[in-house]
Number of protein chains: 2
Amino acid sequence: MNATIYEVADRAGVSISTVSRALRHGGRISESTRTRVREAAEELNYLPNAAAQTLAGSAVRSLGIVLPHVQGTYYAQLAVGFERRASELDHSVVLLLVGPDADARPAVRRLAAQVDGLAFMAKSAADDSLVAEIARRRPTVTVARGQLPGLPAVQAESERAAADLTRHLVEHGRTRFAFVGPIDPGSDIAARYAGFTRALTEAGLEVPPNTDLPLDEDSGRALAHEMVADHLPHDAIVCGNDEVAAAVVYELQELGVDVPRDVAVVGWDDIRLARYLRPGLTTVAQPVAGLGALAAEHLHALLAGEDVVEMTVLPTYLVHRQSCGCDAPRPSPC
Amino acid sequence: MNATIYEVADRAGVSISTVSRALRHGGRISESTRTRVREAAEELNYLPNAAAQTLAGSAVRSLGIVLPHVQGTYYAQLAVGFERRASELDHSVVLLLVGPDADARPAVRRLAAQVDGLAFMAKSAADDSLVAEIARRRPTVTVARGQLPGLPAVQAESERAAADLTRHLVEHGRTRFAFVGPIDPGSDIAARYAGFTRALTEAGLEVPPNTDLPLDEDSGRALAHEMVADHLPHDAIVCGNDEVAAAVVYELQELGVDVPRDVAVVGWDDIRLARYLRPGLTTVAQPVAGLGALAAEHLHALLAGEDVVEMTVLPTYLVHRQSCGCDAPRPSPC
DNA sequence: ACAAGATGCGCAAGCGCTTGCGCACGTCGA
DNA sequence: TCGACGTGCGCAAGCGCTTGCGCATCTTGT
């Protein structure tokens, strides 16, 4: 294991420069030498040391991606989209998951030392000051986490979709709303909450206080129980993601509440299983993998010295199923 | 951006050795010098070049993980489990996703050059010969993909759980079975199919031919339609994962079939949404993140020169919900 | 047959860092 | 007062590789 270029050179009876050239962009090497070198490399299980290659200037670029290690498919899709595009662009990707309570600083710094550019995804993984610190030393983009001055950001349209979604529920005759999700300023969810309140205000409805519940299934279950205990104070629940919405729906049903008749529930993300719930979950589809891919592209451009637009917003769209009160799947927004 | 240790040394008025020592395991440096160096580093936004550090012998170990870039939460959990443990053990993790038709070889080789050890997850990402080739040059473990001679493998118990699951359905009075999933020799799914056939044989029931359908939702939908067209040739469907099972259930219901009365359907993986389906999906829970974590641990041990047991099998357990015919959730296996 | 160019290869510098060794001081015990 | 240590730091080697440059050797045109 771990043969070096010297051993390969020895075995092939050439110099290390020849080995290097033979194994790479192959300029000016005779065919016979090249074969000899290749064979020697093969016999020794030679694998060039990537650190040395990098140091010596050959571009083995790698990109880092940091995200919270929460459950759910959202972050996974982000990572997948990023990796796919990064691979196509010939970058390798280093993955860093950050727990909610862990101190991200040392880990993120180590990552930054290791990669040529980084993408910070979602608010929770690293705070703004950390991101700004890193951005001073490496090309950096943010994804779905609001904008920092001077940094390219990519995110999905949220405010308008949330307003549309809320308006749709208003059109179904709903009047007593609740919103489930933690509202970090600058986050995606905050933008959705803004759209939510705007639509309600425009409809002349009361804007409920922000519940500020975390986005997990326990919240959903708890909310359902609370609602039933309070004799259904709401007739429409806008959830921060589909997992929570699923939990709310399920638990309401268990407690004998009819969804959507008594309470409409909508989610966000359009996870794959949203369509298999009964009622089908009305939700907002986001181009999650697209966000990841775009982040990779921006990093690539940044590394190539190109300028990158500061803010990219990808479109989202409503997916009407039944949990909002629609009878059947509809092909297009009402 | 990208200040070097030389510039820091200049600015602090010391030699590069002092900078290196001051910023690291700080042996034998006066406090005043150390502060001066730190300040200089800070002002220059200095980040040590990881490639150089690696080359010079300081252990910045990184582990690679290669998996198919299929949808679903299974691989995401594997990756998360791996990353968490690897981080704890002070390894960074490089992620490589391989498409089903893409040629994995060059990408995997590049990855191998870049990391100190690799984990291959699931059969589809890289074939045995590739894995064997890489294993000759780097410590390697396989996860949920069967065993290769000489390589540590970790996987979840499959055969027995599949047999238990099948037997459970037999106890519910089911007699006409089908199995959904591609049966690559040596794969997890193959082991499950083996358990499935064993249980049927032991029960004196007919073993259906292997449908060998891919594990996606289209397969599920197609199967449902086919079954209805054929007047329900099966009364129990054992699916290779929960996503397929969800699709089968949904589509059967759409076609007016009662699940589980007319047809029982069970899945595998216990994805989070399995419990929110109606009927709740009976399935097999696997310690997926645990598999990933274990792989990271094994790699860590291998790099430390320790021996690692060749095969580790993690326990799985049945999760009884209603889609098998059970009336209500049960706390423990029947 | 000979200069001019093409071809094949080796030399050596250098990428940014870590670390063993040794030198110059300062401190202490006798 | 002097030798024996301890402390703080610099020197320089070396990690494994890439690549510009230059030197032979071979090919080609005339």
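Proteins get letters first, then strands, A, B, ... in listed order; numbering begins at 1 in each.
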Stepwise side chain to side chain donor-acceptor pair (under 3.5 Å) test for A:Glu83 and A:Ser87: CA-CA 6 Å; A:Glu83 199 281 348; A:Ser87 272; 2.9 Å; yes

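The base of C:dC17 does not come close enough to the side chain of B:Ser17 for any donor and acceptor atom to sit less than 3.5 Å apart. Side-chain atoms of A:Thr33 stay outside donor-acceptor range of the base of C:dC9, with no qualifying N/O pair under 3.5 Å.
Using modelled atom types and a 3.5 Å distance limit, the side chains of B:Thr18 and B:Ser15 yield a donor-acceptor pair. Between the side chains of A:Ser30 and A:Arg36, no donor-acceptor pair of N or O atoms lies under 3.5 Å.
Near DNA chain C, meaning a heavy atom under 4.0 Å from it, residues 7-16 of chain B has B:Ile16 in order of number.
Checked against D:dG8, D:dC17, D:dC15, the side chain of B:Ser30 finds its nearest nucleotide in D:dG8. Set against C:dT19, C:dG10, D:dG16, the side chain of A:Thr18 has C:dG10 as its closest nucleotide. Listed nucleotides D:dC17, C:dG16, D:dC9 differ in distance to B:Ile29; the shortest reach to its side chain belongs to D:dC9. When distances are taken from the side chain of B:Arg21 to each of C:dA12, D:dC15, D:dG10, the shortest belongs to D:dG10.
Note that the CG atom of B:Leu111 and the CZ atom of B:Arg109 stand 12.5 Å from one another [nearest 0.5 Å].
Computed from coordinates, the B:Gln53 CD to D:dC15 P distance equals 18 Å when rounded to whole Å.
Counting heavy atoms from C-beta outward, B:Leu303 and B:Leu63 have side chains that approach closer than 4.5 Å.
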